[in-house]
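Data block below; observations after.
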Amino acid sequence: MGYLMPVTVEPPGDVAVIRLDQPLGDVLAGVRALADVTALVLHGGPRACAPTSDLKALVRVAPAVRRAHLGRLHDLRDALGALPVPVVAAIGGSAFGDVADLAAACDHRVLAEGAELVSLAGTGVLCARRVPAAEALRTGLVDQVVPVGAVLTAAVELARRCAAVPVGGCPAGP
């Protein structure tokens, strides 16, 4: 798999892997260009799961730039929802900001042991709560929790299992 390529499919016609450490526009273009795949895995590389880097960067930019970024994020969530194939998030670290938002848009999620998800809640005031991997599994926020080095492999295997059964019948467990 090419690390610098936003979309890889191995073998052809199988599961596509899109790395989230690419510019958001490249990820969106990759999703829109998918053809002849049985499933999609969104994989957060090392930069994609940085706890607050995207949030800090987004706060520092001009409002118009921020709105454009959020528009692309919304478009990507819509594109993921429109795909006729299962979409699995491979979350190799704690997921905050854009990564958590995109993971929530996926059909299934595989999270690394020791990682956390951020749960957003509130009425009028938005607050965040960190959800450890074990709790995320127990409450159904994720389908599997695996060792850090096994996240991508587990997500691809889950995507293949989901693609092999009728819609809505994916055996999410290991």
Side-chain angles (χ1 to χ4, degrees), residues 1-3 5-22 24 26-50 54 73-120 131-174:
M1 230 175 315
Y3 183 74
M5 295 178 61
V7 181
T8 59
V9 181
E10 292 185 7
D14 192 16
V15 175
V17 176
I18 295 181
R19 301 189 77 101
L20 295 178
D21 53 358
Q22 303 298 313
L24 199 54
D26 291 349
V27 174
L28 179 58
V31 168
R32 289 182 172 157
L34 289 175
D36 299 323
V37 298
T38 59
L40 169 64
V41 171
L42 291 181
H43 177 51
R47 284 184 23 221
C49 290
D54 62 341
L73 183 62
H74 179 74
D75 291 346
L76 180 53
R77 283 192 323 256
D78 288 349
L80 292 173
L83 288 175
V85 298
V87 180
V88 178
I91 311 163
S94 294
F96 300 82
D98 294 351
V99 174
D101 197 23
L102 291 175
C106 294
D107 300 311
H108 301 281
R109 287 154 294 284
V110 176
L111 182 63
E113 291 174 342
E116 299 172 317
L117 296 178
V118 172
S119 173
L120 298 176
V131 180
E135 181 181 346
L137 181 62
R138 187 178 68 251
T139 59
L141 289 174
V142 299
D143 300 282
Q144 295 178 28
V145 173
V146 299
V148 173
V151 171
L152 182 57
T153 300
V156 169
E157 288 172 5
L158 175 57
R160 285 188 179 125
R161 284 196 311 273
C162 291
V165 296
V167 175
C170 180

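- In this structure the side chain of Leu76 reaches within 4.5 angstrom of the side chain of Leu102, judged on heavy atoms.
- Distance check, rounded to the nearest 0.5 Å: CG of Asp14 to OG1 of Thr38 gives 4.5 Å.
- Between Ala154 and Val146, the shortest heavy-atom distance links the atoms CB-CG1, 4.0 Å.
- Panel note: side chain Asp107, backbone Val87; a donor-acceptor pair is recorded below 3.5 Å.
- Within the 4.5 Å cutoff, the side chain of Arg32 has heavy atoms near those of the Asp75 side chain.
- Atom CG of Leu40 sits about 12.0 Å away from atom SG of Cys162, to the nearest 0.5 Å.
- Within the 4.5 Å cutoff, the side chain of Leu80 has heavy atoms near those of the Leu42 side chain.
- Taking 4.5 Å as the limit, some side-chain heavy atom of His74 sits within range of a side-chain heavy atom of Asp78.
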When you look at Val110 and Val88, which way does the side-chain contact (heavy atoms from CB on, under 4.5 Å) test go after all the steps? CA-CA 7 Å; Val110 176; Val88 178; 4.2 Å; yes
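- To the nearest 0.5 angstrom, Ile91 atom CD1 is 9.5 Å from Leu141 atom CG.
- Atom-to-atom distance recorded for Arg77:CZ and Leu28:CG is 12.0 Å, nearest 0.5 angstrom.
- The structure places CG of Leu73 at 4.5 Å from CG of Asp101, a figure rounded to the nearest 0.5 Å.
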